[in-house]
J.: 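The structure's right below; bear with me while I get my questions together.
All residue numbers refer to positions in the sequence shown, counting from 1. Start at 1 and go down the list; that is how both ligands and their atoms are numbered.
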Amino acid sequence: MSKEVSLEKIVSLAKRRGFIFPGSEVYGGLSGTWDYGPLGVLLKQKLIDLWKDYFVYQRSDMLMVDSAILMNSKVWQASGHTETFTDPLVECQNCHNRFRADKIDLSTCPHCSKKNTFGVAKNFNLMFQTLIGPNSNEDQVLEIDKKALLNLINQQSGKVLKFKLNNFTVQANSNLVYLRPETAQGIFTNFKNIIDSIYPDLPFGLAQHGKAFRNEISPRDFVFRSREFEQLEIEYFIQANDWQKYFDQWINLIQDWYQLIGLKKESIHLLEVSGDDLAHYSKRTIDFEYDFPIGRQELSGLAYRTNFDLTNIANFSNKNVDYRDKKTNEVFIPHVIEPSFGIERMIMAVITEAYTEEIMEDQSTRVVLKLSKQLAPIKVVVSPLLKNNQLLVDKALDLFNSLKKALKFVLYDDNGNIGKRYRRADEIGTPYCVTVDFQSLEDQTVTVRDRDTTNQERVDINNLIAYLN
Ligand code: GAP
């Protein structure tokens, strides 16, 4: 069952309140890119911090790496991405718009509505390409055969080469690199470094958070399918025989994680991926799906990648990536379990789950983001009851300054009346609103209003930080 909240409401709230904006909007946008505003930055950062805390810092078997986005092209040859990281692309012969063949009804063009205009689907590689190093003045024209061409491309890194081949001039970019389509390869390529420098006991995990890029054929559904996004990935290195045991452990850990960030158990569904849908590297994959406003869709994945990646690295690099067991001295290439999360989809799920509309006594609608207190971008809003009373304003500002130092995520708001301030705070998920009123001037107490219950309590200013924590 889909969530009742529509995607439009979420996109509108995200923009109106400074969470997420369309990328390059001032120039008409750039499809598949999104910018985070002040509240979006805080929500994203808190989610990332919580993820690191839960999956890395609280455990003794996890370490982090932070690898470069640009990597040697051999990484993607070895991983199979240059060959197989593709989506099926079709083009309408009438309007020439292009679509992902597996996402549309191929009998009718979704753009021009003409029937039977699609030919055979082509494999479209999703990796973004760019050129590394200065190249404009370094062109060379050479006469060579095909084998020599490949050798030269491998040797002449950093140059654009021009060749005469069968009377055609071929320009080959030996300086071609890809923007990484997954953070995982930066973990695998550092496996040897970690063994040589740290040599952790097996099983151990390496985690990485960072940008990933995919030239999606049809980016859509807000941040759900973006061309630039962030992944949080773990490669958990194990003995081959143990894979089922650890796979099951990770299923439970991931389910607990989703509850920790406030997603209801019944909104998460496990999908066993089978047959052609399995990625080229995976022997078993479970997709964790969520009931998004756009329907039930993949939120994150869990894959058993065997020793596919490390073995390929060994073969392509001629380097030894063996692990020597500290107790038995057995030497082998470890297998991996890979939990892989996308921050954009988690943010979308967390906002969907938290978005609530309540009809009030006066028939107005109260929009509340019931975010968990750990994720709410702003923890407290401080206000004077009236903004034209200097005594109230001074006291509220004093209180704001001390709360800001202690709790960091605190806002001062004196716009409009107190009711409007509460509504604004609710809409961004602020758990508490603190109001300085005339009684505060006399007895050093303030009202604290709770986002979810809307109940108000008087709290002594001296106990306020403990109360809010
Ligand atoms: N290393 C494995 C891997 O990358 P994936 O299923 O292709 O697996 C993992 O991606 C996660 O990354 C997805 O579950 C999703 O959360 C996120 N993701 C993938 N493509 C995305 C896109 N175009 N936009 C936003 N998030 C994406």
J.: Applying side-chain hydrogen bond (donor to acceptor under 3.5 Å, both in side chains), which residue pairs with at least one partner in residues 20-40 are found, sequence neighbours left out?
T.: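 Every side-chain hydrogen bond (donor to acceptor under 3.5 Å, both in side chains) pair that includes a residue of residues 20-40, provided the two are not neighbours, is Lys15-Glu25.
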
J.: Go through the structure and list residues passing side chain to side chain contact (heavy atoms under 4.5 Å, CB included) with Val367, not counting sequence neighbours.
T.: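 Counting only residues at least two positions away or on another chain, Val367 forms a side chain to side chain contact (heavy atoms under 4.5 Å, CB included) with Tyr355, Glu357, Glu427.
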
J.: Tell me whether Lys327 is salt-bridged to Asp201, with the criterion being a basic N under 4.0 Å from an acidic carboxylate O.
T.: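 No.
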
J.: Under a 4.0 Å threshold between the charged nitrogen and the carboxylate oxygen, would Lys370 count as salt-bridged to Glu358?
T.: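 Yes, this pair counts.
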
J.: Of all residues at least two apart in sequence or in a different chain, which pass the side chain to side chain contact (heavy atoms under 4.5 Å, CB included) check with Asp413?
T.: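 Asp413 satisfies side chain to side chain contact (heavy atoms under 4.5 Å, CB included) with Val381, Ser383, Asn415, Arg421, Arg424 only.
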
J.: Any idea which residues sit under 4.0 Å from ligand 1, heavy-atom distances?
T.: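 Within 4.0 Å of ligand 1, the protein residues are Glu182, Ala184, Arg214, Glu216, Val223, Phe224, Arg225, Ser226, Phe229, Gln231, Glu233, Tyr281, Glu298, Leu299, Ser300, Gly301, Arg305, Glu338, Ser340, Gly342, Arg345.
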
J.: Side chains of Glu353 and Tyr290: is there a donor and an acceptor less than 3.5 Å apart?
T.: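 Per modelled atom types, Glu353 and Tyr290 side chains form a pair under 3.5 Å.
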
